[in-house]
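Inspection log for the structure reproduced underneath, given as structure tokens.
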Amino acid sequence: MKTNRIVVLGSCNTDMVVKSERLPVPGETILGGTFMMNPGGKGANQAVAASRLGGDVIFVTKVGNDLFGSKAVELYKKENINTDYIFSDPDEPSGVALISVDSLGENCIVVASGANMTLSPADVESIKGVIIGADILLMQLEIPLETVEYAASLANENGVRVILNPAPAQALSNELLSNLHIIIPNETEAEMLSGIKASDWESGEQAARAIASKGVDIVIITLGSRGALLLENNHCVRIPAFKVDAVDTTAAGDTFCGALAVALSEGNSLENSILFANKCSSIAVTSMGAQNSIPYRKDIKFNL
Ligand code: RIB
């Protein structure tokens, strides 16, 4: 029987965040505001988003044998996420991210990956049935690329829809791209994949066409406050964002991806799913933090 289960395979971090008027330039020290320690990591943020927005979620990640790791797993359980397939590394620490946020809500992030980077293809192989049993496999690039490649090929061969958020940006093989159902890059990631600077709707469309030509069925480029651009079957649609005052854009993309996966798992059209995802991410940018800012389904005034 086909389920509507979403498996998120990816990273988990603890975010160390400071907000300041502006981001420092190289070599500069600036004074900022209050320090915050928040749960984060692109994989974890997307798993939390998908669960809060109504998805049936299994999160596959790897933590270290430390307090950050055990606290993170406790949190996911409270979020109704299935944590039965979370691995633990005896030697590497749990992931940590250092984040600066400026007064416009833009951020700069440096990640110390730790245990995230030991999540291996063999780990995925050991829980193969979980991947094959999903409706959607949602991944990012904060774990080893070979693990993402292995999982994408396993899922695609077994009829599981693979969604990749290629963040942080890196070059990807055409083989991986051809195993994807949907790719969701932002402007920077789209430029890395296409060689085209996707700074507005027109250049975004060119970048999307270049990425699709490498074998992905559906390309969705998130263009920040502009909205999202959808390219499917050679047909391009511009889906504008909801206007809000941004406080912190951290995890806006993660909320978008988690929300999109949920809407698709419920059988909604791509365009409606993107509208829903735009709505959810517009709420996420109005407060500080990654998982702290992700909305619940009951708070979304949008009928799917
Ligand atoms: O996408 C936002 C996330 O990127 C943060 O939570 C941080 O942990 C980094 O992984």
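Since the model is a prediction, treat every value here as computed from it, not as a measurement. Order of appearance sets the numbers: ligands from 1, and atoms from 1 within every ligand.
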Ligand 1: which protein N/O atoms lie under 3.5 Å from its N/O atoms?
residue: ligand 1; atom: 1 (O); partner: Lys42; partner atom: NZ; Å: 2.9
residue: ligand 1; atom: 1 (O); partner: Asp254; partner atom: OD2; Å: 2.7
residue: ligand 1; atom: 4 (O); partner: Lys42; partner atom: NZ; Å: 3.1
residue: ligand 1; atom: 6 (O); partner: Asp15; partner atom: OD1; Å: 3.4
residue: ligand 1; atom: 6 (O); partner: Asp15; partner atom: OD2; Å: 2.6
residue: ligand 1; atom: 6 (O); partner: Gly41; partner atom: N; Å: 3.0
residue: ligand 1; atom: 6 (O); partner: Asn45; partner atom: ND2; Å: 3.0
residue: ligand 1; atom: 8 (O); partner: Asn13; partner atom: ND2; Å: 3.1
residue: ligand 1; atom: 8 (O); partner: Asp15; partner atom: OD1; Å: 2.6
residue: ligand 1; atom: 8 (O); partner: Gly41; partner atom: N; Å: 2.9
residue: ligand 1; atom: 10 (O); partner: Asn13; partner atom: ND2; Å: 3.0
residue: ligand 1; atom: 10 (O); partner: Glu142; partner atom: OE1; Å: 3.0
residue: ligand 1; atom: 10 (O); partner: Glu142; partner atom: OE2; Å: 2.7

| said: As a quick check of understanding, evaluate side-chain contact (heavy atoms from CB on, under 4.5 Å) for Cys280 and Ile300, giving each step before the final call. | reply: CA-CA 7 Å; Cys280 297; Ile300 310 294; 3.7 Å; yes

| said: Given the ring of Tyr296, does Lys298 sit roughly above its face, with NZ or CZ under 6.0 Å from the centre of the six-membered ring and within 45° of the axis? | reply: yes

| Met16: which other cluster members, linking ILVMFWY side chains closer than 4.5 Å, directly or transitively? | Val18, Phe35, Met37, Phe68, Val96, Leu98

| What's in the same ILVMFWY side-chain cluster as Val285, cut-off under 4.5 Å, chained through other members? | Val244

| task | List in chain and number order the residues that pass ring pair (Phe, Tyr, Trp, His ring centres under 6.0 Å) with Phe59, two or more places apart in sequence or in another chain; answer none if no residue qualifies. | result | Tyr76

| said: If you count heavy atoms of other groups shown closer than 6.0 angstrom to NZ of Lys243, is the number above 12? | reply: yes

